[in-house]
There are 2 protein chains.
Amino acid sequence: MAQEGTSTSPGSPEVTAAELAECRADRDPFQWDVREDCQVRQILDRIADKWSLLVIALLDEKKLRFGELGREIDGISKRMLTVTLRNLERDGLVSRTVYPEVPPRVEYELTALGRTLLATTQALVTWTEEHQDQIAEAREAFEAANADPVAG
Amino acid sequence: MAQEGTSTSPGSPEVTAAELAECRADRDPFQWDVREDCQVRQILDRIADKWSLLVIALLDEKKLRFGELGREIDGISKRMLTVTLRNLERDGLVSRTVYPEVPPRVEYELTALGRTLLATTQALVTWTEEHQDQIAEAREAFEAANADPVAG
DNA sequence: CAGGATCCGAAAGGATACTG
DNA sequence: CAGTATCCTTTCGGATCCTG
């Protein structure tokens, strides 16, 4: 573990295409390449970062404006909507179109790449929907088993 | 957005089976049920919480002990391994077996539920591996386009 | 060996005010 | 409208020490 070793880089999470090649190599054949410095982790963090998946899901329907997304996604702050969209745009999953009008209008829509991701994430959502009852059961069982027997 | 409305519950992220029913209902037919208070978000947060997916991937091979997992997952701290395993156990994705020996031995393995999740997440990892080059390109293009033209 | 408890720095994220 | 910049609170997570 990382108890004493300080070889992990806490700095920039950026990974360039050049680094990917060697990152892909020298792994156990069976294991995913999911070390901290690798892409899988980067992408996973992106789609799982609390809002991205929601934005992608919404943009599947139709292109939406900044404010529309904000109103659609209950609970998100203006700040987080901005950073989420920037990250998605940066990864080429969402495109941003600014119309030189006043007041300004900015529309976001999925790229082709973004649509392929959507298909995959939908499988995950489907899995969750199909198993949420089992998970809820497991949680209740776990809670019951670990209910403090002393304080009761 | 949540600028003035304070209806969002910042407290416990717990959801019981009872709440799920109504959570599933009254949604736009096309949209996933991914509000903060719903399961999809809960599960997503779980599998994306930096270590869970890695643990699940490792346990696919064979059951492993606490220390083995720690040594296998480079960069994880003892504390995070513990909380990660507890969460997975709580959700019924991983089972924990304690052998009454001394020194103690604890083995973790995937449950049937955990294995079905693995299959799904693998699709996501596959997608990432297949598209990481495109994403890397997009990032470099984005970085180039947004390179501060003044400070240059 | 397998953790639990505690402390504390780092990072995420909301609220607010301001801008083109 | 669509952000940006700043402040400030909450959360995450590593380090350390302790226990069965």
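Each chain gets a letter, A, B and so on, in the order its sequence line appears, and its residues count up from 1.
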* Asked: Can you tell which of C:dG4, D:dG3, D:dG14 lies closest to the side chain of A:Phe66?
  -> D:dG3
* Structure fact -> Considering only heavy side-chain atoms of A:Trp51, the closest of D:dG3, D:dA2, C:dG14 is C:dG14
* Asked: For D:dG3, does OP1 or OP2 lie under 4.0 Å from any side-chain N or O of A:Arg96?
  -> yes
* Asked: Same cluster or not: are B:Leu53 and B:Leu113 linked, directly or through other Ile, Leu, Val, Met, Phe, Trp or Tyr residues, by side-chain heavy atoms under 4.5 angstrom apart?
  -> yes
* To do: For the residue pair B:Asp49 and B:Ser52, confirm or rule out a side-chain donor-acceptor distance under 3.5 Å.
  => yes
* To do: Starting at atom CG of B:Leu81, determine the distance to atom P of D:dA15, rounded to an integer number of angstrom.
  => 14 Å
* **Phosphate OP1/OP2 of D:dT16 contacted by B:Arg79 side-chain N/O (<4.0 Å)** => no
* Interatomic distance where CD1 belongs to A:Ile76 and P belongs to C:dA12 [whole Å] -> 16 Å
* To do: Counting heavy atoms from C-beta on, name the nucleotide in D:dA2, C:dG3, C:dC1 closest to the side chain of A:Pro104.
  => D:dA2
* Asked: So what does A:Tyr99 touch, heavy atoms closer than 4.0 Å: a base, only the sugar-phosphate, or nothing?
  -> nothing
* Asked: Taking atom P of C:dC1 as reference, at what distance in whole Å does atom CD of B:Glu68 sit?
  -> 11 Å
* Closest to side chain of A:Val106, choosing from C:dA2, D:dA2, C:dC1 -> D:dA2
* Structure fact -> Tested for side chain to side chain donor-acceptor pair (under 3.5 Å) against A:Trp127, the lone hit among A:Glu130, A:Glu129, A:His131 is A:His131
* Does A:Arg65 place a side-chain N or O at less than 4.0 Å from the phosphate oxygens OP1/OP2 of D:dA2? -> yes
* To do: Calculate the interatomic distance between B:Asp74 atom CG and D:dG14 atom C1'; express it in whole Å.
  => 14 Å
* To do: Please examine the side chains of B:Val94 and B:Thr111, heavy atoms only from C-beta on, and report whether any two atoms are closer than 4.5 Å.
  => no
* Over how many whole Å does the gap from B:Leu54 atom CG to D:dG13 atom P extend? -> 14 Å
* Smallest separation among heavy atoms of B:Lys63 and B:Glu68, with atom names -> O-OE1, 4.5 Å
* Between C:dT6 (C1') and B:Lys78 (NZ): distance, integer Å -> 15 Å
* Asked: Between A:Asp49 and A:Pro103, which has a closest nucleotide on DNA chain C that is more 5'?
  -> A:Asp49
* Please report, rounded to the nearest Å, how far the P atom of C:dA12 is from the CE atom of A:Met80. => 9 Å
* **Distance in angstrom units between B:Leu69 CG and C:dA2 P, rounded** => 9 Å
